[in-house]
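Side-chain atoms are counted along with the backbone in the values below, which use heavy atoms only and exclude waters and symmetry mates. As the structure is a computational prediction, the values presented were derived from the model and not from experiment.
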Amino acid sequence: PVHMGLVVTEEEPSYADMASLVVWCMAVGISYVSVYDHNGIFKRNNSRLMDEILKQQQELLGLDCSKYTVEFANQDKVDQVLNCQSTLKVLSPEDGKADIVKAAQNFCQLVAQQQRTYTDLDVNVLDNLLSSTNGFPDPDLVLKFGPVDSMLGFLPWHIRLTEIISLPSHLNISYEDFVSALHHYAACEQRWGK
C-alpha cells in the first residue's frame with residue numbers, strides 16, 4: 001500500500017507499539033502513514049510519539065537509519081509532504097466528520113460569493129476542500145486495532161475504497177502479525193463496486 005492507516009480503538013494506546021508499527025511501515029516502503037485514536041491522545045502528544053519513533057527507528061533499523069526518514073505532516077507544513085520517504089500524519093476525530101462539515105461550509109460560502117455554483121460540487125472538489133489529508137492520497141489499507149467494530153470517526157470520506165483489516169490489539173503486536181496483515185491485503189481483489 002502507498003498509504004496505511006493505523007486506527008486504535010482501545011482505551012490505552014501504547015506509544016512504543018505504535019512507534020514500532022510506524023517504523024515497520026517505513027521499512028517496507030509505505031510512503032504515507034496515518035495514526036488515529038478516537039480520543040486524540042496521539043495527536044495531543046505527538047512529540048512523545050515522534051521521540052518514540054526515533055528511538056524505535058534506531059533500535060530496529062540500526063545503521064540503516066539514514067535511509068529512512070519520517071516527518072510529521074501538519075497543516076502548517078503541507079509543502080513538506082512530498083519531500084521525504086515516509087510521511088506521518090497524526091489524526092483525531094476533528095479530522096474526520098468535522099473536516100467534512102468545514103469543507104461543506106467552505107463550499108457553501110464559495111457558492112454564496114458566486115465563485116462557484118452548486119453544480120460544481122463533485123468528488124474532486126470535495127477532496128480539495130478537505131484540509132485534514134491535504135497532500136495525502138486516500139488510505140489503501142487500514143489496520144484497526146481493538147474490540148470495537150467501528151472506525152470511530154477515522155476519515156469517513158477517504159476510506160470508501162479502503163481495505164480494512166481488524167486485529168485484536170496493537171499492544172505487543174509482533175512483526176509477524178504486521179506482515180500477515182500485509183499479505184492479507186496483497187491477496188485482496190478490489191472490484192471497485194462491480
Side-chain angles (χ1 to χ4, degrees), residues 1-74 84-96 132-133 136-156 158-159 161-188:
V2 174
H3 180 186
M4 180 184 288
L6 303 170
V7 176
V8 176
T9 64
E10 298 159 288
E11 290 302 317
E12 293 294 323
S14 163
Y15 290 90
D17 291 317
M18 185 53 62
S20 292
L21 285 159
V22 170
V23 172
W24 295 338
C25 288
M26 294 165 57
V28 298
I30 296 171
S31 300
Y32 300 94
V33 180
S34 296
V35 172
Y36 176 89
D37 72 279
H38 65 285
N39 294 319
I41 295 169
F42 287 129
K43 189 168 186 175
R44 281 193 306 276
N45 301 298
N46 66 15
S47 61
R48 180 174 169 193
L49 179 60
M50 187 60 172
D51 290 344
E52 190 64 42
I53 290 169
L54 294 173
K55 179 180 154 200
Q56 294 280 340
Q57 191 178 19
Q58 189 64 43
E59 286 176 16
L60 298 173
L61 303 176
L63 297 174
D64 265 357
C65 210
S66 61
K67 286 196 284 188
Y68 305 99
T69 56
V70 65
E71 184 150 348
F72 275 91
N74 58 30
C84 60
Q85 184 167 349
S86 289
T87 305
L88 176 69
K89 188 164 276 214
V90 183
L91 303 167
S92 63
E94 67 259 15
D95 299 311
S132 63
T133 56
F136 264 53
D138 290 348
D140 304 301
L141 171 63
V142 168
L143 299 183
K144 184 195 70 66
F145 303 98
V148 179
D149 286 332
S150 169
M151 296 300 285
L152 298 176
F154 174 75
L155 303 177
H158 305 84
I159 59 172
L161 300 174
T162 300
E163 183 68 27
I164 300 168
I165 297 174
S166 294
L167 297 169
S169 177
H170 75 297
L171 302 174
N172 300 314
I173 188 165
S174 69
Y175 184 69
E176 289 74 22
D177 292 336
F178 174 75
V179 170
S180 176
L182 289 177
H183 284 292
H184 180 81
Y185 169 75
C188 289

Give the C-alpha distance, both sets of side-chain angles, the deciding distance and a yes or no for side chain to side chain contact (heavy atoms under 4.5 Å, CB included) between L49 and N45. CA-CA 7 Å; L49 179 60; N45 301 298; over 6 Å; no
Are [X] and [Y] packed together at the side-chain level, in the sense that at least one heavy-atom pair is separated by less than 4.5 angstrom?
{"X": "L143", "Y": "S166", "value": "no"}
{"X": "L167", "Y": "F178", "value": "no"}
{"X": "L182", "Y": "V28", "value": "yes"}
{"X": "V2", "Y": "I30", "value": "no"}
{"X": "D17", "Y": "F145", "value": "no"}

[X] versus [Y], closest heavy-atom pair with distance:
{"X": "A19", "Y": "E52", "result": "CB-CG, 3.5 Å"}
{"X": "C25", "Y": "M4", "result": "SG-SD, 3.6 Å"}
{"X": "W24", "Y": "Y175", "result": "CH2-N, 3.4 Å"}
{"X": "A16", "Y": "Q56", "result": "O-NE2, 3.7 Å"}
{"X": "S92", "Y": "K43", "result": "OG-CD, 3.3 Å"}
{"X": "V7", "Y": "M151", "result": "CG2-CE, 3.9 Å"}

Would you say that more than 12 heavy atoms from the other residues, nucleotides or ligands in this model lie under 6.0 Å from the CZ of R44, or not? yes
Backbone N or O of [Y] within a donor-acceptor pair of the [X] side chain at under 3.5 Å?
{"X": "S169", "Y": "L171", "result": "yes"}
{"X": "D37", "Y": "G40", "result": "yes"}
{"X": "T162", "Y": "P139", "result": "yes"}
{"X": "H170", "Y": "M18", "result": "no"}

Roughly how far, to the nearest 0.5 Å, is [atom2] of [Y] from [atom1] of [X]?
{"X": "S14", "Y": "N172", "atom1": "OG", "atom2": "CG", "answer": "7.5 Å"}
{"X": "Y185", "Y": "I164", "atom1": "OH", "atom2": "CD1", "answer": "12.5 Å"}
{"X": "S20", "Y": "Q57", "atom1": "OG", "atom2": "CD", "answer": "11.5 Å"}
{"X": "E176", "Y": "H183", "atom1": "CD", "atom2": "NE2", "answer": "10.5 Å"}
{"X": "E12", "Y": "I41", "atom1": "CD", "atom2": "CD1", "answer": "6.5 Å"}
{"X": "S34", "Y": "H3", "atom1": "OG", "atom2": "NE2", "answer": "2.5 Å"}

Hey, mind stepping through V35 and K89 against side chain to side chain contact (heavy atoms under 4.5 Å, CB included) and telling me if it holds? CA-CA 6 Å; V35 172; K89 188 164 276 214; over 6 Å; no
Aromatic contact between Y36 and F42, with the criterion being ring centroids under 6.0 Å apart: yes or no? no
Any chance you could lay out the side chain to side chain contact (heavy atoms under 4.5 Å, CB included) test for T9 and D149, step after step, and finish with the verdict? CA-CA 9 Å; T9 64; D149 286 332; over 6 Å; no
Take L88 and V22, measure what side chain to side chain contact (heavy atoms under 4.5 Å, CB included) needs, and give me the verdict at the end. CA-CA 8 Å; L88 176 69; V22 170; 4.1 Å; yes
Report the C-alpha separation of S180 and D177 in whole Å, then their side-chain angles, then the decisive distance to 0.1 Å, and conclude whether the side chain to side chain donor-acceptor pair (under 3.5 Å) test is met. CA-CA 5 Å; S180 176; D177 292 336; over 6 Å; no
Taking atom types as modelled, is there a side-chain donor on D51 or Y15 under 3.5 Å from an acceptor on the other? no
